[in-house]
2 protein chains.
Amino acid sequence: MEISERKKKILSAVIDAYIATAEPVGSKAIAESGVLDISSATIRNEMAELTAMGYLEQPHTSAGRIPSPQGYRLYVNELMERQRLSLDETEQINQSMNLKIQQLDKLMNDVGRVAASLTQYPVVALAAPVAATITRYDLIYVDANTFIVVVMLNDKAVHNKLIHLPFSVEQSMISRISSVFNTMFTGITEDKITPELIDSAERACGDTMGLVSVVSTFAIETLKETTHGEAVFSGASHLLRQPEFRDPDKAHEIMNYLSDSEHILGLPAITSGGDLEVIIGPENVAEELKDSSVIIARYDAGDNMQGLIGVVGPTRMDYSGVAAKLSYIAEGLSRLLGSAAAPPGFEKLQLKGDEPK
Amino acid sequence: MEISERKKKILSAVIDAYIATAEPVGSKAIAESGVLDISSATIRNEMAELTAMGYLEQPHTSAGRIPSPQGYRLYVNELMERQRLSLDETEQINQSMNLKIQQLDKLMNDVGRVAASLTQYPVVALAAPVAATITRYDLIYVDANTFIVVVMLNDKAVHNKLIHLPFSVEQSMISRISSVFNTMFTGITEDKITPELIDSAERACGDTMGLVSVVSTFAIETLKETTHGEAVFSGASHLLRQPEFRDPDKAHEIMNYLSDSEHILGLPAITSGGDLEVIIGPENVAEELKDSSVIIARYDAGDNMQGLIGVVGPTRMDYSGVAAKLSYIAEGLSRLLGSAAAPPGFEKLQLKGDEPK
DNA sequence: ATTAGCACTCAGAGAGCGAGAGTGCCAGTG
DNA sequence: CACTGGCACTCTCGCTCTCTGAGTGCTAAT
């Protein structure tokens, strides 16, 4: 059966009301809301049909209706009004982003926190796995037993590590190693750093003390970490405010699930690749999320890298509000990090006269 | 009235039982537990006196007793047996620590996670505020518009930042700035980096483009961050398994409180400085923690710096078990980071022959 | 096609009741 | 005199029962 325009309006009204109150919605409430000028009896009939069609559900005979996953799906795809953020809200987001995002390596953490406090839902954020490579090595000689390795990745993140040796090395050796790494170890992914490569690098710089091995281990670790992506989970406490998670066991289960970064890292696999995606209740593959919805926004992190930021909530979630906020945040991140934009650091350049403090 | 040896034994038994079951403890249960060879009636009398003395409380007339904060205090100070960890447990802790602790800047995060999963309670971890200074600057010239600033702090952490310029600079300028910073900006705390100092540094290197300002801003930011300390909160979900936090509102309140790093950073102020400290329920100054206990262990992070790691739970908490685990973790951290120990990086040195992968 | 009216259903709140755990006290005992 | 057994008393918890009211589905009228 084709779904009439009026049915859509009713479905929409039911969902809006249910999102707001978390209680089953009755025909009378819809009639009185004034969106449609028809009596409650007519609405009752329409609702009965919507139920038969699978868009609504009835917790029990004498209760109102609640939307089914299929109902939410229709709502998200067609009915939901693309909510516009108020000027206040965009301003607030901009501010938090500027304020919080200081260092790139803590970006995920901060983005998660900002998004959680804005949406009032728990948030997972991750940098999607990519084939990371190192574009540049610098070895800084500190003293005879100490040097710092600084590497720059293709995503422009800079990592470093202080290395202490149980023996002393000459500065010339350090710079020899540095140049060898810059020619032999740049632009390759982690799996390309083979023992053979390390061997030949050792021969190339005449290293018999395992220095090459130390540096390459750090390179491998760094690449591995970036390649796997990093996942964070923020704002767990917001979950407890949702009526559907007042059962501590339920809340515990889902929090536990989301705390495990393994699970979050698997998230990209289930997204189709769109900029904004909504996964409703049972559409989730994970058993633990069958009663929850996830809204995922994708952002461009430059150099073909993508990040994901997702909001988790009950199926009765403020889809339109969250979608709007999430899109805005993702856009902001893309602007900040994306390939088209200036690299990080640029926008925080303080020229003379701007008083730091 | 002086508290007799027998009363102490009874109190101890009550607390042990209450910690295990979370239910009020009756005289019969104590009598049957067999720790004392006296009848339940005698125990009843003793318990009545313990109640009068303020060590026990009665939820209502016909229920068993639960320990009062004062009772817990006595228990923690005198009665509690210093639990020893099994070999299995220490092994497990060692493993997780070695496995997880890769990079110093993510240390807090990882330590928190490990401790939370070991104790099965939520954990807060923080690096205590200290007067951080920078001991060394390195500026790496990448291209005409780009350079990397690498700074090493007195706690041996290394931070870096990639800086892009809207104009080009010469390599010689970069190295000039580097040497100026290494002479003028090392060994001083954040508040000593004044506009005047920056001015004179600019004159010293002939910088008219605000480069000095960019670098000093980064220095100030880094120092501020380290000086303030960093706080993390892990394992929130464990809270929900405690019967006393099955009320979602309560759980939400405390999670919220602990999520705010401001609150955690205030924690050191209330500790007296011992290695291990137990703060019981109402002894907490924060209203939100009046029903919870906190066990805090201090560890040496080298260079007069101290870190704190704390476990939060209901007043009915497994004090002895948590204390033992926490002490062990703190000791491990002290060994890893402490002034006496080799600096980080050392223990992960892989000499030739250790196959990376 | 829509609406007003009405009988019917059923979850949830509240009252009432009984069981059981635990207490306090007293009188008896070694 | 310290301890114990016994007993009456108290109070929470869980149970059932009832009642209320929101909401439905159907029917007859417009």
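Here is how names work: the chains are called A, B, and so on, in the same order as the sequence lines, proteins then strands, and each is numbered from 1. Quick caveat, the model's predicted, so the values are computed rather than measured.
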Integer-rounded Å distance: [N] [atom2] and [X] [atom1]:
X: B:R65; N: C:dG22; atom1: CZ; atom2: C1'; result: 9 Å
X: B:N45; N: D:dG5; atom1: CG; atom2: P; result: 13 Å
X: B:H60; N: C:dG22; atom1: NE2; atom2: P; result: 10 Å
X: A:K7; N: C:dA1; atom1: NZ; atom2: C1'; result: 12 Å
X: B:R6; N: D:dC3; atom1: CZ; atom2: P; result: 4 Å
X: B:I66; N: C:dA21; atom1: CD1; atom2: P; result: 20 Å
X: A:I43; N: C:dA1; atom1: CD1; atom2: P; result: 18 Å
X: A:E57; N: D:dG23; atom1: CD; atom2: P; result: 18 Å

Notebook entry, point to check: With distance as the sole criterion, is a donor-acceptor pair present between the side chains of A:Y75 and A:D16 under 3.5 Å?
Noted result: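 Side-chain D/A pair, A:Y75 to A:D16: present.
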N/O donor-acceptor pair, side chain [X] with base [N], under 3.5 angstrom:
X: A:R44; N: C:dG5; result: yes
X: A:S62; N: C:dC10; result: yes
X: A:S39; N: C:dT3; result: no

>> I want to confirm an ordering. Mapping A:A48 and B:E46 to their closest nucleotides on DNA chain D, which one lands closer to the 5' end?
In response: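 Whichever sits nearer the 5' end wins; that is B:E46.
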Original post:
Contact class for B:A63 (heavy atom, under 4.0 Å): base, sugar-phosphate, or nothing?
Top reply: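 Sugar-phosphate contact only.
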Check: Base, sugar-phosphate, or nothing for A:S27, non-hydrogen atoms under 4.0 angstrom?
Finding: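 Touches sugar-phosphate only.
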(message) If you count heavy atoms of other groups shown closer than 6.0 angstrom to CZ of B:R84, is the number above 12?
(response)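 Open.
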For A:K8, does the NZ atom have more than 12 heavy-atom neighbours from other residues, nucleotides or ligands under 6.0 Å away?
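Check passes, neighbour count above 12.
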- Query: Are OP1 or OP2 of D:dT24 and a side-chain N or O of A:T61 less than 4.0 angstrom apart?
  - Reply: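 For D:dT24, OP1/OP2 do not have a side-chain N/O of A:T61 under 4.0 Å.
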Of all the nucleotides listed (D:dT4, C:dT2, C:dG24), which has the minimum atom distance to the side chain of B:I38?
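It is D:dT4.
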> In terms of side-chain heavy atoms of A:M47, which of C:dT23, D:dT24, D:dC3 is nearest?
Replying inline: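 So the side chain of A:M47 is nearest to D:dT24.
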Report task. Check whether any side-chain heavy atom of B:L240 sits under 4.5 Å from a side-chain heavy atom of B:R246, and report yes or no. Result ->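 Contact flag for B:L240/B:R246 side chains = no.
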CD of B:E283 to OG1 of B:T315: how many Å apart, nearest 0.5 Å?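 OG1 of B:T315 is found 11.0 Å from CD of B:E283.
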